[in-house]
There are 2 protein chains.
Amino acid sequence: MAETATRGEQTRALILDTALRLFEEHGYERTTMRAIAAEAGVSVGNAYYYFDSKEHLIRAFYDHNAERHVAASRPVLDSERDLARRLRGVLRAWADVNAPYHEFAGAFFKTAADPHGPMSPFSRESAPTRAQVTEIYREVVAGSDTKIPPALRSELPNLLWLFNMGVVLYWVHDRSAGTAKTYELIDRTVPLVVRLIGLARFRVMRGVLDDLLDLIRSLSGAT
Amino acid sequence: MAETATRGEQTRALILDTALRLFEEHGYERTTMRAIAAEAGVSVGNAYYYFDSKEHLIRAFYDHNAERHVAASRPVLDSERDLARRLRGVLRAWADVNAPYHEFAGAFFKTAADPHGPMSPFSRESAPTRAQVTEIYREVVAGSDTKIPPALRSELPNLLWLFNMGVVLYWVHDRSAGTAKTYELIDRTVPLVVRLIGLARFRVMRGVLDDLLDLIRSLSGAT
DNA sequence: GTCTATAACACGATAGAC
DNA sequence: GTCTATCGTGTTATAGAC
């Protein structure tokens, strides 16, 4: 593609890369905008020219990693048909992609938690990136040979995205070496989730499931 | 009890009350420590003498509201035996108690999301308050006449506390008038939860449930 | 449109005197 | 316990250069 990015794009990328590196090295809070600008060899004003705020650097990082997550999910989506393997592969891909940033992910998570802020994963500004990731889970479901109750099928990608958010929640709190516990969480919850999906066929579960889906449809859009 | 609080306790309470009032009136971010100190008639340094940081004011608020939640849950716990009614009553009590602070709860939520920060509901510093609230859910279960599978019984209070956190997550994002949607969420999820607990008796569910409980025991304590 | 340099502002937080 | 003075940092403003 375009080997030659415009000068602005280059500067923007330089500032972002520098910021991410300093965040990795010294943490988010302890990295000042002045330090980022100095290390990148630009003025503070220039950094603010490309990023409206320090938090917007996190958003750029978030969008960037969502794309890497999509790419890292490609192999398993192209090679596996079993639902559990597909889901497990995509979640592990997420953890792999984000591993280098685990140290400062807390700060990222904190700004993401601001309910009406632009960084919230539920916000309008996050909609494009959210759609991009939800699309992975649509493909996880669509490309699987596992039988899925039709009532559940359309809502399932959104539920799996929510499940992904749950894994993120555990991950940011995970202090085990190499976030081993998060990988264990993925490996052990995925079979449970798939079994629950299978259980949805049974008469006794159908009542609960239908009510749940009905509830989700009626309450979505609180933000 | 002690009609005469020490001077320190009085000053502390004065600062806290003033802060909460200003948070309600102008929001958390827009209320400065200078404004709190000025309005309370003390110096900024004195405010910091009693509260290590602005966020610690939120912690004091959180502890205070946990106590009010316990008190507000008393009536339903003393009068109802049905599990669904008890659970519903306690959750609605939480929403009632926190209603006046919904506007600035987002800021509170944001600082609570910092994984290794002292405000995280999973942190060691939060353990006493968390225990206090979990105790409500232990009582919800213990005082109920609904049949609960023994395997589930001991872990259930913790799971219900987690469920409460889920309701909080929805609540902070809820922009409906009077957070009507949150009350709807409570009213409609509680029967589902209770039905799921009942389903735990069935053979097909037992496998999933046992694995889940096993997983929880093995992964708890990631923080 | 892209970038620099410098100063200034607001606010959370701290130091040290009394 | 309480105060005043001061610091560090995110952010903005100004005034311009290429």
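Convention: sequence-line order gives letters A, B, ...; per-chain numbering from 1.
- One can place CZ of A:Phe51 at 12 Å from P of C:dC3, the figure rounded to the nearest angstrom.
- Dashed line: the shortest gap from a side-chain N or O of A:Thr11 to OP1 or OP2 of C:dC3 is under 4.0 Å.
- The aromatic rings of A:Tyr62 and A:Phe108 lie tilted to each other, with the angle between the two planes from 30° to 60°.
- Atom CZ of A:Phe23 and atom P of D:dT9 are 14 Å apart (whole Å).
- Within 3.5 Å, no donor on the side chain of A:Arg12 pairs with an acceptor on the base of C:dT2, nor the reverse.
- Between A:Tyr48 and D:dT11 there is a side-chain polar atom (N or O) within less than 4.0 angstrom of OP1 or OP2.
- To the nearest angstrom, P of D:dG10 lies 12 Å from CD1 of A:Ile58.
- Summarising the geometry, the separation between NE2 on B:His56 and P on C:dA13 is reported as 10 Å, rounded to the nearest angstrom.
- Ion pairing of B:Arg59 with B:Glu125 is absent here, as no side-chain N (NZ or NE/NH1/NH2) approaches a carboxylate O to less than 4.0 Å.
- Note: A:Leu16 CG to A:His56 NE2 = 13.0 Å, rounded to the nearest 0.5 Å.
- Among the atoms of the strands shown, only primed sugar atoms or phosphate atoms (P, OP1, OP2) are found under 4.0 Å from some heavy atom of A:Thr31.
- Distance from the side chain of B:Val42 is smallest for D:dC3 among the nucleotides D:dT11, C:dA5, D:dC3.
- Minimum atom distance to the side chain of B:Lys54 is reached by C:dA13, of the listed D:dC3, D:dG10, C:dA13.
- Taking atom CD of residue B:Glu55 and atom P of nucleotide C:dG12, one finds them 11 Å apart after rounding to whole Å.
- Ring pair B:Phe23/B:Phe104: centre-to-centre distance below 6.0 Å.
- Using a cutoff of 4.0 Å between basic side-chain nitrogens and carboxylate oxygens, B:Arg21 and B:Asp17 are not scored as salt-bridged.
- Atom CG in A:Asn46 sits roughly 14 Å away from atom C1' in D:dG16 (whole-Å rounding).
- Between A:Arg34 and A:Gly41, the residue anchored nearer the 5' end of DNA chain C, judged by the nucleotide with its closest heavy atom, is A:Gly41.
- For B:Tyr50 and D:dT2, the shortest distance from a side-chain N or O to OP1 or OP2 is below 4.0 Å.
- Here the P atom of nucleotide C:dT4 and the OH atom of A:Tyr49 are 12 Å apart, to the nearest Å.
- When the nucleotides C:dT2, C:dT4, D:dG10 are ranked by their closest atom to the side chain of A:Met33, D:dG10 comes out on top.
- For A:Asp52 and D:dT12, the CG to P distance is 8 Å, given to the nearest whole Å.
- Set against D:dT12, C:dC3, D:dT9, the side chain of A:Thr32 has D:dT9 as its closest nucleotide.
- Residue side chain B:Arg7 does not reach the base of D:dG1 through any donor-acceptor N/O pair under 3.5 Å, judged by distance alone.
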